[in-house]
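One structure is given below, encoded as structure tokens.
Order of the sequence lines fixes the chain letters, A, B, ..., with proteins taken first and strands second; residue numbering starts at 1 for each chain. It should be emphasised that the depicted structure is a prediction, and the values quoted were computed from it without experimental measurement.
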2 protein chains.
Amino acid sequence: MTRVTFSPLYLQIRERLVQGLQGGEWRPGEAIPSEIELAARFGVSQGTVRKAIDVLATEHMLIRRQGRGTFVASHLEQRAQYRFLRLRPDEGEPIQPTSRFVECRRMRAPGEIARALELKAGEGVVMIRRQLQFASVPLVLDEIWLPGNRFKGLTAERLNAYSGPLYGLLEAEFGTRMIHASERVRAVAAEPQQAEWLDVRTGEPLLLAERISTTYTGRPVEVRRGWYVTRGHHYFNELN
Amino acid sequence: MTRVTFSPLYLQIRERLVQGLQGGEWRPGEAIPSEIELAARFGVSQGTVRKAIDVLATEHMLIRRQGRGTFVASHLEQRAQYRFLRLRPDEGEPIQPTSRFVECRRMRAPGEIARALELKAGEGVVMIRRQLQFASVPLVLDEIWLPGNRFKGLTAERLNAYSGPLYGLLEAEFGTRMIHASERVRAVAAEPQQAEWLDVRTGEPLLLAERISTTYTGRPVEVRRGWYVTRGHHYFNELN
DNA sequence: TAGTGGTCTAGACCACATG
DNA sequence: ATGTGGTCTAGACCACTAT
């Protein structure tokens with residue numbers, strides 16, 4: 001008997017839990033049912049539910065809190081804010097940045113962006129430019145591309161009326177949660193415009209991080225280019 | 001009763017396994033005893049041993065192979081070679097680099113290096129400079145600092161007589177295995193000497209990765225500065 | 001005190017690799 | 001056929017949080 005698709009029970013349970021998350025049955029910040037309750041609902045043992053939840057916890061979709069319950073992860077929680085931002089000061093504690101939105105407009109996706117977002121050529125996208133300041137010092141310039149359909153009411157006004165991490169806004173207002181991202185990092189020379197916004201000289205080396213973010217399904221829903229000033233700051237990474 | 005130090009059984013087992021690895025009871029590439037055997041030895045259930053091994057497997061100290069056994073991870077294995085090297089071509093498959101050693105000498109640790117390696121001021125270190133070529137194209141310049149005591153027979157001749165990842169040599173010949181590393185990445189301008197070795201213009205933006213590597217105990221045993229050319233290549237990173 | 005997640009056990013059976 | 005790790009179960013008890 002050739003079994004082409006073998007998937008253990010706990011991964012099937014994981015799938016069903018992801019569907020619940022994705023479908024909005026449990027929203028970011030809320031608790032999901034207890035393990036015993038889920039075990040009963042799915043007709044499996046508590047241990048199997050535990051293993052499924054363990055996977056989702058290491059994938060940062062759920063957060064376990066002993067004695068309290070298991071919660072849907074959220075970019076709005078204190079601990080998870082700016083989870084994907086790897087810029088750190090060389091000395092001292094990390095500081096929360098503040099955003100200053102430079103531009104927000106809708107357009108047809110350029111070819112490169114459409115490819116990365118898996119959109120058809122010419123589909124609409126939102127393009128956002130912003131500057132991030134750390135203790136009033138501008139250190140980051142972001143160029144963010146989002147699928148237009150998924151984020152219909154997203155406008156410059158909406159952005160300016162909000163303070164906090166962008167991903168928090170996207171998950172709370174548009175129901176799209178960024179789960180995972182991969183980055184390509186390189187060194188480039190600052191263009192005149194960038195130099196002006198970042199208060200450095202033209203040609204100064206900047207770190208460029210090109211990011212693609214995906215949601216529950218694994219579908220790419222954001223393309224981002226970030227230019228970082230790395231004098232006195234650095235891009236932090238752990239190698240395992 | 002206030003219990004200040006609570007450590008579950010499986011983490012205590014983990015500790016004892018790490019001691020076995022660190023002490024050389026099981027060497028890189030070898031199999032450790034089966035779960036059942038370890039359970040008997042430690043007087044716990046197989047499930048508890050499993051949990052301990054699970055932790056060590058996610059920490060990349062052990063590798064589980066269904067049907068075969070559990071093995072001590074090694075930098076010499078095909079799959080793990082250049083595990084810490086994050087430079088990737090923008091297009092196509094990663095290529096294994098070849099090293100060209102430029103310099104290898106012993107000296108007293110400069111203050112900054114001594115601090116990072118947690119050595120006393122003036123203790124001996126080995127300093128290695130090398131160039132990494134990818135398909136004969138030089139893309140990386142490394143400056144590597146190692147504690148002199150731990151790597152006594154490490155000489156230029158020894159390095160030149162060896163081909164393959166440096167960490168493989170260090171683990172096989174000196175019994176020191178790099179388990180974890182953290183990097184600070186920034187953009188800098190190429191110095192004249194670097195530009196020459198990397199075949200770029202002086203002042204060209206380079207990516208600089210400053211790495212501190214630790215062994216089983218968590219003790220830092222390597223400081224490394226790597227300058228990367230990121231035209232056509234990038235530093236790859238996954239954000240979780 | 002009640003309810004949640006966390007640990008530990010013992011045992012059954014499955015999937016996989018090797019001889 | 002044997003031995004390894006992988007899955008699943010059922011049940012006991014522990015640690016933590018909230019009421």
Could you please name the option among [options] that lies closest to any side-chain atom of [X]?
{"X": "A/Val44", "options": "D/dT7, D/dT9, D/dT4", "result": "D/dT9"}
{"X": "A/Arg68", "options": "C/dA17, D/dA18, D/dC8", "result": "D/dA18"}
{"X": "B/Glu35", "options": "C/dG5, D/dG5, C/dC8", "result": "D/dG5"}
{"X": "B/Ser45", "options": "D/dA18, C/dC8, D/dC8", "result": "C/dC8"}
{"X": "A/Arg50", "options": "D/dT4, C/dG6, C/dC8", "result": "C/dG6"}

Could you tell me the separation between the [atom1] atom of [X] and the [atom2] atom of [N], rounded to a whole number of Å?
{"X": "B/Arg64", "N": "C/dA15", "atom1": "CZ", "atom2": "C1'", "answer": "14 Å"}
{"X": "B/Leu9", "N": "C/dC8", "atom1": "CG", "atom2": "P", "answer": "4 Å"}
{"X": "A/Ile13", "N": "D/dT7", "atom1": "CD1", "atom2": "P", "answer": "14 Å"}
{"X": "B/Leu62", "N": "D/dT4", "atom1": "CG", "atom2": "C1'", "answer": "15 Å"}
{"X": "A/Phe71", "N": "D/dC16", "atom1": "CZ", "atom2": "P", "answer": "17 Å"}
{"X": "A/Lys51", "N": "D/dT9", "atom1": "NZ", "atom2": "P", "answer": "11 Å"}
{"X": "B/Ile36", "N": "C/dT9", "atom1": "CD1", "atom2": "P", "answer": "15 Å"}
{"X": "A/Gln66", "N": "D/dC13", "atom1": "CD", "atom2": "P", "answer": "18 Å"}

Query raised in the report: How are the rings of B/Tyr228 and B/Tyr235 set relative to one another: parallel (under 30°), tilted (30 to 60°) or perpendicular (over 60°)?
Result: parallel

Query raised in the report: Side-chain N or O of B/Thr48 less than 4.0 angstrom from OP1 or OP2 on C/dT9?
Result: yes

Query raised in the report: Are A/Thr70 and C/dG5 close enough that a side-chain N or O sits under 4.0 Å from OP1 or OP2?
Result: yes

Requested in this report: Identify whether any heavy atom of B/Arg65 sits under 4.0 Å from a base atom; if not, whether one sits that close to sugar-phosphate; answer base, sugar-phosphate or nothing.
Outcome: sugar-phosphate

Report task. State the OG1-CZ distance between A/Thr230 and A/Arg88, to the nearest 0.5 angstrom. Result -> 14.5 Å

Query raised in the report: Does a salt bridge link A/Glu183 with A/Arg86, judged by any charged N lying under 4.0 Å from a carboxylate O?
Result: no

**Report entry** Carboxylate-amine/guanidinium proximity below 4.0 Å for B/Arg184 and B/Glu210
**Finding:** no

Report task. Compare every heavy atom of B/His234 with every heavy atom of B/Pro89, then report the nearest pair and how far apart it is. Result -> O-CE1, 3.4 Å

